[in-house]
Amino acid sequence: MGTEDTEQEVADVPSAEAEKAESDSPAEPRKPRPAGVAALGRLGIVVAVLALAGAGVWVTTRASTPEAGPTTTDIPALQVAAADVEPGSTAPVNATIAGAPVAATQQPQQPQQQQTKQSGTNLLSKWADQVSQVTGIPARALIGYGNAELALRDSQPSCKISWATLAGIGRIESNHGQYGGAVLQSDGRPSKAIVGVPLDGSAGVQAIPDTDGGRFDGDPNYDRAVGPMQFIPSTWAKWGGGYDPQQIDAAALAAAKYLCAGGRDMSSAQGWWNGILSYNNSVEYAQKVFGLADSYAKAAQVVKVS
């Protein structure tokens, strides 16, 4: 967790993200760094059925081909059924958001530009409210997932990452920032920091000595996965851009960049499965994300915002 979260109550996440290990030169994706809440000049829902896919994973850090690990025993994962789909056979339905993101870190805008940004932000919020009603995903989490898609559409248009895929990962990793009774607040942070088990080499857990002095995870001895998307500190330091891993906008954007690394096309079958497998090297994990992403995208097809 970030230094600003040291006074927060912490929700420990049981052994799942324990296998998240980082590679200095990931073969697949690398972990992203966040940019801020995007603004939409216009917004619409474009749904395309994508027929493609690749392999399977389950861990927020590796990008090569780590050893496959057991499914996490944490509550979010146990409540999710794995989709009956063959790895590499197809990709989930890809529901996308149309619009041009404007990062909060950009230079100050002229009055007219600021008005356009405000209008876009309102449209994104309106879209999130409606999609929340048909998917059950908290609207504040949807703003983070949607913003990440829009940011990557602007910076890496060939990736075609979907908010629905990010939502699938967020559901498994932390129940959209609600793990352990946490509530996702208006600022995008959970009411209590989400921190995984110590990666101390115990049964089913990889050994990763502390890399952040406890800055993000509060543990000076071993690293722990942190935040709604469960990044380990060493990965966050590389891709987090100095932001707080507990903040959903920053975490979702980091996950999107990680999945898109290396020129991956997340709308293709091979690209999608390789990307998810790089996040967590478990076929069952990838099948869970697939089922969630596919169902979220299909449910959102009825949403039209303009």
Side-chain angles (χ1 to χ4, degrees), residues 20 22-38 46 48 50 52-66 88 91-103 105 142-170 172-173 227-232 235-241 243 245 248-281 285-286 289-290 292-294 296-297:
K20 299 199 173 197
E22 199 245 339
S23 170
D24 288 334
S25 55
E28 298 289 345
R30 304 166 191 171
K31 285 257 168 180
R33 80 185 206 188
V37 180
V46 179
L50 305 166
L52 293 133
V57 190
W58 175 332
V59 175
T60 290
T61 336
R62 240 174 175 137
S64 52
T65 51
V93 166
N94 195 27
T96 61
I97 305 171
V102 179
T105 54
L142 282 164
I143 289 175
Y145 303 142
N147 177 73
E149 177 196 304
L150 292 168
L152 268 293
R153 176 175 299 187
D154 183 61
S155 63
Q156 288 182 250
S158 62
C159 176
K160 304 182 184 70
I161 184 71
S162 167
W163 64 268
T165 288
L166 296 171
I169 293 174
I172 292 179
E173 298 296 353
M229 304 302 273
Q230 289 290 276
F231 282 88
I232 60 172
T235 300
W236 189 257
K238 188 173 182 179
W239 299 96
Y243 292 84
I248 189 67
D249 304 311
L253 182 56
K257 289 182 178 179
Y258 181 81
L259 292 169
C260 290
R264 179 177 291 114
D265 178 0
M266 288 296 292
S267 71
S268 72
Q270 180 178 356
W272 191 90
W273 285 88
N274 286 346
I276 302 302
L277 283 169
S278 74
Y279 205 84
N280 190 315
N281 192 32
Y285 177 93
V289 173
F290 184 103
L292 289 164
D294 197 61
Y296 290 153

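The first residue in the sequence is number 1, and the count goes up from there. Bear in mind that the values here come from a model prediction, so they are computed numbers and not experimental data.
- For the atom pair CG (L152) and SG (C159), the distance works out to 5.5 Å, reported to the nearest 0.5 Å.
- The distance from the CE atom of M229 to the CD1 atom of I248 is 6.0 Å, given to the nearest 0.5 Å.
- Residues satisfying the side chain to side chain contact (heavy atoms under 4.5 Å, CB included) test with D265, not counting sequence neighbours, are K160, S267, S268.
- Atom OG of S162 is separated from atom CE of M266 by 9.0 Å, given to the nearest 0.5 angstrom.
- With hydrogens and angles ignored, the 3.5 Å screen pairs a side-chain donor or acceptor of Q230 with a backbone N or O of G227.
- Taking OH of Y145 as the start and CG of D249 as the end, the distance is 10.5 Å to the nearest 0.5 Å.
- Judged by distance alone, with hydrogens and angles left aside, the side-chain atoms of D294 form no donor-acceptor pair with the main-chain N or O of F290 at under 3.5 Å.
- Atom CD1 in I169 sits 4.5 Å away from atom CG in L259 (nearest 0.5 Å).
- Within the 4.5 Å cutoff, no side-chain heavy atoms of L166 are placed close to those of Y296.
- Side-chain contact between E173 and F231: absent, with no pair of heavy atoms (C-beta onward) separated by less than 4.5 Å.
- Taking OG1 of T165 as the reference point, atom CD of E149 lies at 9.5 Å (rounded to 0.5 Å).
- Here the shortest heavy-atom pairing between C260 and I161 reads SG-CB, 3.8 Å.
- Contact check for I143 versus W163: no side-chain heavy atoms found under the 4.5 Å cut-off.
- Between P228 and A251 the shortest heavy-atom distance is CD-CB, 4.4 Å.
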